[in-house]
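For ligands, and for the atoms within them, numbers begin at 1 and follow the listed sequence.
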Amino acid sequence: MAEDLLENGTAVSAENDYNASEIQVLEGLEAVRKRPGMYIGSTSTSGLHHLVYEIVDNAIDEALAGFCTEIGVTIHNGNSITVTDNGRGIPVDIQAQTGKPALEVVYTILHAGGKFGGGGYKVSGGLHGVGASVVNALSEWLTVQVHKNGQIYEMKFSRGKVTQEMTVVGQTDRTGTTVTFQPDPEMFDDLVYNYDTLQTRLREQAFLNGGIRVVLTDEREGQEQREEMCYEGGIRSFVEYINENKTPLHDDVIYMAGEQEDSMAEIALQYTDAYNEIIVSFANNIHTPEGGMHETGFKAALTSAMNTYGRKAKILKDDEKVSGDDCREGLTCVISVKLTEAQFEGQTKAKLGNSEIRTLVSNVVSRGLEEYLELNPSVGRAILDKALTAARAREAARKARESVRRKNALDGATLPGKLSDCNERDASLTELYIVEGDSAGGSAKGGRDSRFQAILPLWGKMLNVEKARSDKVYGNDKLNPVITALGAGLGEDFDVSKLRYHKVVIMADADVDGSHIRTLLLTFFFRFMRPLIEGGYVYAAVPPLYKLVRGKQTRVAFSDEERDRISSEMRGGNPNVKIDISRFKGLGEMNPTELWETTMDPTRRTLKRVTLDDAVRADQIFTLLMGEKVEPRRQYIEKNAHKVMNLDY
Ligand code: 1YM
């Protein structure tokens, strides 16, 4: 019926007052509600958070246009969100084509990118309000207020439809836009906003758009908090932030920038004494975790600049070379490029495909580094020394790796002796339980389903890989069984397709020692087997804390609240019944049946999947928890101690 009306372009139906543009509006926003994933990626929590980014992007565009200096984001009780800015305010005048206020058009018409302004690169993820109508379509309700021309204009919507036409509701002496929305429970599975997720993204935007003040406030009862983010130094400050708990090799962050035709690139970097590299890249303010042409250009230019300088300064002999990996050991780098028509490729559209940007970044870095190293020879020496040491360590690691391989080949026994393997050979069906201590290992071995569950007990003090190079990791008697049991190699050689188990479950006690061993293992996986975590193969088992017994009936509880609830259930309203409550001291104390029933049986257990939402934050936390500096670690633990309620001190 809508098609019929649209056929002659401007048709107004006889039965109602709809005109063509209104039909277009409804059809457009209906499409968003029918296929939300096409517009916001998914309707999981990531989609839920995307709604906020779409509105924030509009405020950032206004800041990039030079009219807005402050952006506020507030999470209210009930998980509605307010985004506010002090820009010019969305235009409220009547648009000739539609006869409606521009404000209404922005919030109800699903427009193609760039319709409301040039397709220039000086825009963030959204193109001048493109996302606003999508957010509106997916909100149970949305209110927008515009301060402009001395008036406060207000308009309200529900699931994309106007519920209050634009109305003047008051006077004002400032300008700006404020949007409040409640995500639609009909559209999203989970409606709870995560403060840390929003904070990470907003902080990123504050770094990339240096000077903008972004204020995030959580008003939700019991979790009130607030953070102001403003970084005059832009991506230089980003590098300093990443390196906060590391030891830099030189004081200044090295900064380079350049433009070519319609594109521009800026790069900030600093070396630390760490062994890993961190490169964080963006295209048009959008994070590109899969890298792309900007990263390729950077890496090539860095390697070549280091070799050229090394030879010129006689730090490298004529026939000596440092490889790309050697040049990037301990490097922290942020790359931000802006270009008119960014092409995003790869599985998650998180890789930049434009090849012209490779040349631009490479030119900027070659020129920039040559000049910097010329002027700062002591920094040049420090960086090259680090690369040379890395080259030697890499050679030592290669030898260690080969000797391990040879030894295994000679032994004929490639699997570690402590491993109790399972019968199934199809990795997609199997699970490896890494268990702390021999006695817990014994219970796990007795309780498991040996058809698909393998057990590897660990014991003694494990190597802290945060303070070790890869050659120390090969041949380490605590880590080697883990490496060989998983069967997928290590570091650069790690090949996730060779993994022998698709679930790797860390099973440790719910106490301080347990969390220590869990952290050591996760640090190891993060630094040396990153794809294992990225692929979602790593889990933490959740053992119960309490055992409750009434006569022949036994139940377990995983928290204090659950213990109280179950105990009152078992009592069944009878206050005289005796319930025997005991605390599990550790996994080793459970008998095989108990361990199977509570922690290992796939139909009853709880497993927590370890995910990596934010590699930068993860890097920081591992450095903090496992690195050299004591004071920041103490502060972090003090600040977060309340989150670990179930620890036995
Ligand atoms: C809290 C969200 O949307 N701010 C915002 C949006 C716009 C403007 C200012 C704006 C843009 C222009 C001119 C322009 C938008 N305007 C439009 C459109 N904050 C938020 N602040 N005047 C004001 O681009 O020329 C779309 S977004 F299309 F109406 F111009």
Side chain, backbone, both or neither: Val83 near ligand 1, heavy atoms under 4.0 Å = both

ask   = Thr163 side chain to Lys156 main-chain N or O, any donor-acceptor pair under 3.5 Å?
value = yes

inquiry  = For atom 11 (C) of ligand 1, tell me which residue out of Glu54, Arg88, Gln145 has the closest non-hydrogen atom.
reply    = Arg88

request  = Assess Gly176 for proximity to ligand 1: is some non-hydrogen atom of it under 4.0 Å away?
outcome  = no

task = Look only at the side chain of Thr288 and the backbone of Lys351, and say whether a donor-acceptor pair between them is shorter than 3.5 Å.
result = no

key: Atom indices of ligand 1 within 4.0 angstrom of Ile55 heavy atoms, with elements   = 1 (C), 2 (C)

note = Filtering Ile90, Leu103, Val106 for the heavy atom nearest atom 7 (C) of ligand 1 leaves Ile90

request  = Would you indicate whether Glu224, at its atom CD, is surrounded by more than 12 heavy atoms from other residues, nucleotides or ligands within a distance under 6.0 Å?
outcome  = yes

key: Flag side-chain contact, heavy atom, 4.5 Å: Leu624 against Gln620   = no

request  = Provide the number and element of each atom of ligand 1 under 4.0 Å from a heavy atom of Asn58.
outcome  = 3 (O), 20 (C)

Closest to atom 30 (F) of ligand 1 (judged by heavy-atom distance), picking from Pro101, Ala65, Pro91 = Pro91

key: Validation row: Val179, Thr84 side chains within 4.5 angstrom (heavy atoms)   = no

query = Asp85 to ligand 1: N or O pair under 3.5 Å?
reply = yes

query = Do you see a donor-acceptor pair shorter than 3.5 Å between the side chains of Tyr537 and Arg609?
reply = no

